[in-house]
Amino acid sequence: MAEYRPEEIESKWQKVWEERGIFRVSEDPDKPKYYVLEMFPYPSGRIHMGHVRNYTIGDVIARYKRMRGFNVLHPMGWDAFGLPAENAALKHGVHPADWTYDNIDYMRRQLRRLGFSYDWIRELATCDHEYYRHEQLFFIQMLERGLAYRKKTLVNWCPSCHTVLANEQVEDGACWRCGTEVIQREMEGWFFRITAYAEELLAGLEKLRGKWPEKVLTMQRNWIGKSEGAEIEFAVEGFPERITVFTTRPDTLYGVTFLSLSPEHPMAERLAERAGLTQALADFRERCRRARREIEEGLAEKEGLFLEAHAIHPLTGARVPIFAANFVLMEYGTGAVMAVPAHDQRDFEFAKKYGLPIKVVIQPEDRDLDPEQLEEAYEAPGIMVNSGPFTGLPSEDAKRAVVEHLEKEGLGRRRVTYRLRDWGVSRQRYWGCPIPVIYCDRCGIVPEKPENLPVKLPLNAQLDEAGRSPLPKLESFVKTTCPRCGGPARRETDTFDTFVESSWYFARFACPEAKDPLDREKAHYWLPVDQYIGGIEHAILHLLYARFFTRVLRDLGYLDLDEPFERLLTQGMVIKEPYRCPKHGWLYPEEVSPEGTCLKEGCGEKVIVGRPEKMSKSKCNVVDPDEMIRRYGADTVRLFMLFAAPPERDLEWSDHGIEGAYRFLKRLYQLVKERAGELWEVKAYAGDGRDLSPELRALRRKTHQTIRKVTQDLEERLHFNTAIAAVMELINFLEDTLKKVSPNEPALQPVLKETLRTVVLLLAPMTPHLCEELWEALGEEGLISEAAWPSFDEEAAREEEVTIVVQVNGKVRDNLRLPPGADEETVREAALASPKVKRHIEGKTIRKVVFVPGRLINFVVA
RNA sequence: GCCGAGGUGGCGGAAUUGGUAGACGCGCUGGAUUCAGGAUCCAGUGGGGAUACCCCCGUGCGGGUUCGAGUCCCGCCCUCGGCACCA
């Protein structure tokens with residue numbers, strides 16, 4: 001019996017694909033285009049199961065669309081700048097470039113072994129100056145348009161990575177990469193004006209409804225954080241300047257009893273100076289910066305510093321004290337808040353702590369608020385009280401009325417504020433794209449001339465042992481001449497956030513050889529990406545930056561689209577249960593006995609099996625793709641990744657599960673190989689089925705039903721697990737049929753050929769190597785990778801008989817096999833003839849009959 | 001606290017529009033084959049009662065709508081994810 005040898009089959013077909021270059025694409029006006037993209041990997045060394053899953057899903061879509069006649073762009077590249085390269089360099093004494101390129105070579109081989117249908121000609125690595133030079137040009141152009149700028153501000157500093165992080169890159173107050181708590185630090189750096197696009201980025205989400213996961217849309221919406229309200233100006237006693245506050249509750253204006261300023265607010269500084277509190281304020285500001293994490297998590301108690309100054313209420317003229325408060329952020333709104341303790345919980349707590357007055361200006365309908373008795377702020381709407389001319393209005397209406405009044409008086413205006421902050425892109429790191437600006441003592445900040453690009457990252461740098469960037473000390477890099485005046489000048493030594501590279505790589509894939517950053521025509525042909533696939537961890541980060549950058553490139557004239565990714569699939573993680581011994585800690589599966597005891601040093605302790613979680617080396621619950629490919633072959637690994645769960649859900653790794661996938665492929669291989677000889681020259685059945693025996697007609701029906709089912713699952717839902725299940729069902733059905741049908745039946749071989757041919761075609765996007773092999777064995781022409789997707793015959797798929805469920809009082813009592821068109825009368829008679837039904841009806845009256853044609857009949861009796 | 005997703009056999013998961021709950025796979029049980037193990041093949045496999053026909057119960061919990069609810073409505077519990085002093 002033929003033995004399934006995946007390693008032979010797989011290398012054979014990978015070579016054929018490679019030699020014939022069948023996955024290379026170019027623009028073809030005669031075919032509809034389809035661009036499938038998976039988030040490109042960071043070349044960390046080896047691919048992990050998460051990559052395998054991500055890229056398998058993408059490959060199935062690419063191969064399927066190709067079979068459907070699309071001109072498919074399916075590229076792959078490397079997100080090759082980043083900190084791990086520098087860390088590895090320090091640890092192993094290799095240069096980040098060597099480390100990165102070695103990893104790329106290894107990982108490329110791994111991807112090839114999995115049989116992914118990439119157009120490798122388009123491969124790119126972002127650390128290549130032929131890639132990042134274009135990004136430097138974008139930056140210069142952004143600078144001209146004010147979309148990039150430099151400012152000094154409080155930034156998130158990761159002490160372990162020795163660099164600044166953008167707000168999006170801080171999770172729960174910690175660095176997203178290494179988990180170290182970030183500290184607040186005042187620094188100069190470069191920013192991209194993403195806030196200029198806040199409204200457009202928010203509005204664009206609407207168009208993605210139904211095409212992106214709702215969850216991602218919600219997360220982005222929250223992150224942008226639009227809120228509508230008003231700016232209101234307060235005069236300051238003894239000062240010419242006014243303090244402008246932002247509020248979403250102008251209706252509570254009459255309830256203001258004090259103002260809170262951010263400790264970073266310039267006015268706080270001025271007031272403190274006058275009151276001789278400069279040192280006190282500086283200390284307070286320092287404390288707030290240090291405790292930022294606690295403050296943001298709401299753990300820190302509210303704290304304030306009275307600045308011994310008063311503001312004048314714009315409408316009542318009342319004197320209200322001014323505080324610096326630890327919970328007021330300089331970066332949001334105006335950095336100043338009007339405090340309404342009766343109707344804002346934060347202000348309430350602050351007022352209680354410092355004994356400040358509480359003034360009720362909104363009354364709920366069902367009770368009376370007494371400021372003396374309040375235990376928490378009343379934040380809901382109600383009826384205005386103590387509010388001058390606005391008293392008696394519903395608070396929701398008063399919001400507008402108050403603002404209109406202020407606008408008339410020149411004391412305030414409507415204002416929309418976003419939570420989104422500008423994107424800080426400066427990184428104090430070596431292994432990244434140099435920011436192409438020069439500092440000249442005479443001319444100030446000067447961008448590099450476009451013709452001098454790229455500003456190459458020097459590869460001769462000696463890495464600093466403490467992990468700091470060597471660039472500032474590298475004279476040959478820093479020392480330069482000013483592009484404007486020709487005098488001596490210094491280069492910027494910060495590099496870009498690596499998210500800048502990944503913000504436009506999908507566009508470069510459309511025209512990787514273009515001399516210009518992008519070839520408008522090619523980009524226009526290929527973009528947008530029709531299907532993008534990647535992890536949910538980039539719900540905000542990469543996906544928001546890429547949406548922003550696409551719009552910038554549009555406004556710079558490079559692209560003519562708004563949204564880069566038409567459809568988005570966020571695949572779940574690959575997870576596995578970890579094992580832990582009370583004495584020896586985390587264990588590898590092979591360190592656990594079949595009885596569930598620890599095998600380390602003859603320990604014998606009962607092993608604790610954790611709930612499945614993300615694979616990580618530290619918990620010893622990783623599965624190595626190389627090892628699995630070696631054991632079972634790429635097709636089996638791919639099949640299991642697709643079969644074990646629908647793509648958006650987490651996938652639990654199972655050693656038994658992958659065995660099952662292997663078993664299935666082996667069975668299919670043997671089935672086809674056994675029959676291949678006799679079927680070689682047989683033509684697939686092409687009749688109308690009337691000449692077939694009932695068994696063969698049924699097999700044919702199942703075949704066409706399966707084509708329909710698999711097509712739907714791949715086309716509409718991307719639910720590969722149910723598609724595979726359907727093919728398995730077909731094979732089970734085929735084997736049952738073979739047992740029932742005489743081998744001499746003349747139509748057997750054509751029908752069998754049709755079925756096997758179909759099975760192989762349907763599985764081809766998922767397990768391409770095996771299917772090429774079986775396609776060839778069946779005597780079919782050409783490569784299955786280039787074959788057309790099968791179409792189904794509606795007539796052949798139609799059931800000759802349908803199952804009609806018979807219920808009595810809603811309980812299933814029997815089922816009938818009848819022709820699909822059977823009318824109520826026929827069904828009713830057949831149903832009443834059934835003894836199983838009779839038993840439940842006898843002696844009772846039929847009150848009602850519910851008939852659903854082709855499905856069911858229900859007798860309601862009493 | 002707010003928002004979102006989810007809760008179905010021993011396990012991963014099906015059930016696309018309110019119409020036979022548990023497809024497909026794993027595991028398990030029994031049998032065949034084998035010196036034996038493995039591999040393979042066959043049969044069974046939600047729970048309970050009867051072991052012959054059948055009957056009752058069953059999709060997190062409690063209500064409801066309906067001839068009929070995993071699916072719709074109301075209330076609650078639990079798990080996971082995101083956001084959270086953003087004025």
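Heavy atoms only: backbone and side chains are in, while hydrogens, waters and symmetry mates are out. To find a chain, count down the sequence lines: A is the first, B the second, and so on, and within it residues start at 1.
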Between [X] ([atom1]) and [N] ([atom2]), how many Å, whole number?
| X | N | atom1 | atom2 | answer |
| --- | --- | --- | --- | --- |
| A:Asp736 | B:rC41 | CG | P | 13 Å |
| A:Phe327 | B:rA84 | CZ | P | 17 Å |
| A:Ile857 | B:rG68 | CD1 | C1' | 14 Å |
| A:Lys215 | B:rG4 | NZ | P | 13 Å |
| A:Met573 | B:rA5 | CE | C1' | 14 Å |
| A:Asp650 | B:rU79 | CG | C1' | 13 Å |
| A:Leu642 | B:rG13 | CG | P | 15 Å |
| A:Asn809 | B:rA69 | CG | C1' | 16 Å |

Using a heavy-atom cut-off of under 4.0 Å over every strand shown, decide if [X] touches base, sugar-phosphate, or nothing.
| X | answer |
| --- | --- |
| A:Val805 | base |
| A:Val852 | base |
| A:Arg649 | sugar-phosphate |
| A:Thr334 | nothing |
| A:His840 | sugar-phosphate |
| A:Arg611 | sugar-phosphate |

Measuring only the [atom1] atom in each nucleotide, how far is [N] from [M]? A whole number of Å is fine.
| N | M | atom1 | value |
| --- | --- | --- | --- |
| B:rG30 | B:rC35 | C1' | 22 Å |
| B:rG6 | B:rG10 | P | 23 Å |
| B:rU8 | B:rG47 | C1' | 14 Å |
| B:rG37 | B:rU51 | P | 35 Å |
| B:rC57 | B:rG70 | C1' | 16 Å |
| B:rC41 | B:rA50 | C1' | 33 Å |
| B:rC28 | B:rG81 | P | 31 Å |
| B:rC74 | B:rU65 | C1' | 11 Å |

Contact under 4.0 Å: [X] side-chain N or O vs [N] OP1/OP2:
| X | N | result |
| --- | --- | --- |
| A:Lys836 | B:rC54 | yes |
| A:Asn721 | B:rG25 | no |
| A:Arg663 | B:rC41 | no |
| A:Lys811 | B:rC57 | yes |
| A:Arg813 | B:rC55 | yes |
| A:Asn732 | B:rA23 | no |

Any side-chain to backbone donor/acceptor pair from [X] onto [Y]? Under 3.5 Å, distance only.
| X | Y | value |
| --- | --- | --- |
| A:His313 | A:Leu315 | yes |
| A:Asp422 | A:Ile194 | yes |
| A:Asp650 | A:Glu613 | no |
| A:Arg638 | A:Met766 | yes |
| A:Gln220 | A:Leu202 | no |

Do the side chains of A:Lys352 and A:Glu349 get close enough for a salt bridge, i.e. N-O under 4.0 angstrom? no
So, under a plain 3.5 Å distance rule, would you say the side chain of [X] forms a donor-acceptor pair with the base of [N]?
| X | N | answer |
| --- | --- | --- |
| A:Arg419 | B:rC83 | no |
| A:Lys666 | B:rU40 | no |
| A:Asn858 | B:rC67 | yes |

What is the pairing partner of [N], taking Watson-Crick or G-U wobble pairs with both distances under 3.5 Å in any strand?
| N | result |
| --- | --- |
| B:rG38 | none |
| B:rC2 | B:rG82 |
| B:rC24 | B:rG12 |

Take A:His656 and A:Ala645, find for each the nucleotide of RNA chain B with the closest heavy atom, and name the residue whose nucleotide sits nearer the 5' end. A:Ala645
Which residue, A:Met728 or A:Gly810, contacts RNA chain B at a nucleotide closer to its 5' end, judged by nearest heavy atom? A:Met728
Anti versus syn assignment for B:rG6, with syn defined as within 90° of 0: anti
A:Lys302 to A:Phe350 six-membered ring, cation-pi geometry met (6.0 Å, 45°): no
Near-ring test A:Tyr632/A:Phe640, centroid separation under 6.0 angstrom: no
